[in-house]
Amino acid sequence: MTNERHIATPTRTMELLKKYNFSFKKSLGQNFLIDTNILRNIIHHAGVTEDVGAIEIGPGMGALTEQLAIAANKVLAFEIDQRLLPILEDTLSPYDNVKVVNEDILKADVQQELQQYFGAQEVKIVANLPYYITTPILMNLLTRNLPISSITVMIQKEVADRMAASPNTKSYGSLSLAVQYYTQAAVVMTVPKTAFMPQPNVDSAVLHLELRKEPPVQVEDEKFFFDLIQASFGQRRKTLRNNLNRHFSSRFSKEELEDIMNEAGIDGTRRGESLSMEEFAALANTFTAKG
């Protein structure tokens, strides 16, 4: 197949849109990639090789799916939009190592699909995610404990920066901590708006998440740990003391909260964005010990 016939070109994409009389659905956040080099770069950063299986979310017309089919051993793609199924059947017909599932990734039994299709093979997720639902999809995948080694996704640059942010930066917040509890996160490339059809209103970036075998901190109560983090960023400009007093006023007096912070070695005049994950863990475990 010559490069001109690859799906990820403006000409081929326009051909397919006309052939199938396809119109983009804003509600599904459909922005199709039209640059083959960018797709190959994403796959390179994902570390996809011929002995690895790949899961894709939202294949669209199959631009990334095609490149994954060339690079990976097998590809499993989840597509929610039924209108795209005949197009995918057409564009992916040269590849016998791709399975397309017409399901919402948030509702699908990914674990079962994964085990049936890949067996014991190493599996990575690689996707160009719809911006409007990026965080729910990623958090859903991270908390399911799936047998995957990494997730590499093209998402809104601002969100990618937040997920990979370090303490004491503007982007750092509860989302950074949630993602980094499960993974090692890094923004590996930025992508111009011109690489998409239609062009989105925001810049994009590729985020690489390497899943951790164990969380970086030990917490007694995971649910409370994340609740505490959310509370600490309740109002970013407020001190930790103010945010915690506001959130926990029905359970702890101001004096009790002061004691807990002191015992955990945390100064209540600091802001949430200055605390590392280790400090949040120490604070959460002190709370849990107090009941």
Side-chain angles (χ1 to χ4, degrees), residues 29 46-47 53-58 76-80 101 103-118 120-156 158-167 171-187 205-234 247 272 275-285 287-288:
I55 290 179
E56 188 188 3
I57 301 154
L76 178 64
F78 290 86
E79 178 52 64
I80 195 172
V101 180
E103 275 194 81
D104 180 347
I105 192 77
L106 292 171
K107 295 173 184 167
D109 188 344
V110 182
Q111 184 97 17
Q112 191 183 347
E113 288 280 1
L114 197 148
Q115 281 167 349
Q116 282 179 354
Y117 191 63
F118 297 109
Q121 192 171 52
E122 183 188 357
V123 178
K124 295 171 181 278
I125 293 177
V126 187
N128 169 25
L129 290 181
Y131 294 157
Y132 78 100
I133 201 166
T134 295
T135 303
I137 287 176
L138 282 178
M139 291 316 299
N140 180 285
L141 293 169
L142 293 177
T143 53
R144 278 197 203 189
N145 198 24
L146 297 168
I148 50 174
S149 60
S150 69
I151 301 176
T152 307
V153 284
M154 167 109 68
I155 59 177
Q156 189 175 333
E158 186 196 334
V159 179
D161 288 341
R162 282 168 58 204
M163 290 182 174
S166 305
S171 299
Y172 183 70
S174 54
L175 184 60
S176 324
L177 286 149
V179 169
Q180 291 170 41
Y181 181 78
Y182 297 104
T183 74
Q184 288 179 292
V187 176
V206 176
L207 180 75
H208 180 69
L209 304 171
E210 202 70 34
L211 270 83
R212 298 182 188 273
K213 289 187 167 58
E214 291 287 332
V217 291
Q218 293 302 309
V219 291
E220 300 300 322
D221 183 337
E222 212 172 78
K223 187 178 179 299
F224 179 79
F225 172 64
F226 288 119
D227 183 39
L228 172 72
I229 288 170
Q230 290 276 5
S232 303
F233 288 95
H247 188 80
L275 271 70
S276 66
M277 189 167 325
E278 289 72 19
E279 288 177 308
F280 274 117
L283 190 55
N285 289 339
F287 262 102
T288 306

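The structure displayed is predicted, hence computed values, not measured ones.
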Looking only at heavy atoms, what is the nearest atom pair of [X] and [Y], with distance?
X      : Y      : value
Pro216 : Met277 : CG-SD, 3.7 Å
Ser276 : Pro167 : CA-CG, 4.1 Å
Met139 : Thr143 : O-OG1, 2.7 Å
Glu113 : Leu76  : CB-CD2, 4.0 Å
Ala185 : Met163 : CB-O, 3.9 Å
Ala281 : Val217 : CB-CB, 3.7 Å

Subject >> Name of the residue among Ile125, Val126, Ile151 meeting side-chain contact (heavy atoms from CB on, under 4.5 Å) with Ile57 >> reply: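 So the option named by the test is Ile125.
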Original post:
Counting N and O atoms only, with roles assigned by atom type, does the side chain of Tyr172 sit under 3.5 Å from a partner on the main chain of Leu275, one being a donor and the other an acceptor?
Top reply: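 It does hold such a pair.
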Original post:
Is a donor on one side and an acceptor on the other found under 3.5 Å between the side chain of Ser149 and the backbone of Lys124?
Top reply: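 No, because the side chain of Ser149 does not come within donor-acceptor range (under 3.5 Å) of the backbone of Lys124.
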Subject >> Glu278 atom CD: more than 12 heavy-atom contacts under 6.0 Å >> reply: yes
Subject >> Atom CG of Asp109 with >12 non-hydrogen neighbours under 6.0 angstrom >> reply: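 Yes.
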Spacing of [X] atom [atom1] and [Y] atom [atom2] [to the nearest 0.5 Å]:
X      : Y      : atom1 : atom2 : value
Arg212 : Gln180 : CZ    : CD    : 7.5 Å
Leu106 : Phe78  : CG    : CZ    : 11.0 Å
Thr288 : Asn285 : OG1   : CG    : 5.5 Å
Ile229 : Leu175 : CD1   : CG    : 11.0 Å
Tyr132 : Gln156 : OH    : CD    : 14.0 Å
Thr152 : Asn128 : OG1   : CG    : 12.5 Å

Subject >> ring pair (Phe, Tyr, Trp, His ring centres under 6.0 Å) partners of Phe225, counting only residues at least two apart >> reply: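 Testing Phe225 for ring pair (Phe, Tyr, Trp, His ring centres under 6.0 Å), a comparison that skips the adjacent residues, returns Tyr181.
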Subject >> Pairing residues for Phe224 by the ring pair (Phe, Tyr, Trp, His ring centres under 6.0 Å) criterion, not counting sequence neighbours >> reply: Phe248, Phe287
Subject >> Working for side chain to side chain contact (heavy atoms under 4.5 Å, CB included), residues Thr183 and Glu210 >> reply: CA-CA 5 Å; Thr183 74; Glu210 202 70 34; 5.8 Å; no
Hey, does [Y] have a side-chain heavy atom less than 4.5 Å from the side chain of [X]?
X      : Y      : value
Glu279 : Leu283 : no
Phe226 : Leu177 : no
Leu138 : Val153 : yes
Ser171 : Glu158 : no

Original post:
Where do His247 and Asp227 land on the side chain to side chain contact (heavy atoms under 4.5 Å, CB included) test, with the steps shown first?
Top reply: CA-CA 10 Å; His247 188 80; Asp227 183 39; 3.3 Å; yes
Original post:
For Leu129 and Ile133, what are the C-alpha separation, side-chain angles and deciding distance, and is it a side chain to side chain contact (heavy atoms under 4.5 Å, CB included)?
Top reply: CA-CA 8 Å; Leu129 290 181; Ile133 201 166; over 6 Å; no
**OP:** Run the numbers on Leu146 and Ile55 for side chain to side chain contact (heavy atoms under 4.5 Å, CB included), then give the verdict.
**Re:** CA-CA 12 Å; Leu146 297 168; Ile55 290 179; over 6 Å; no
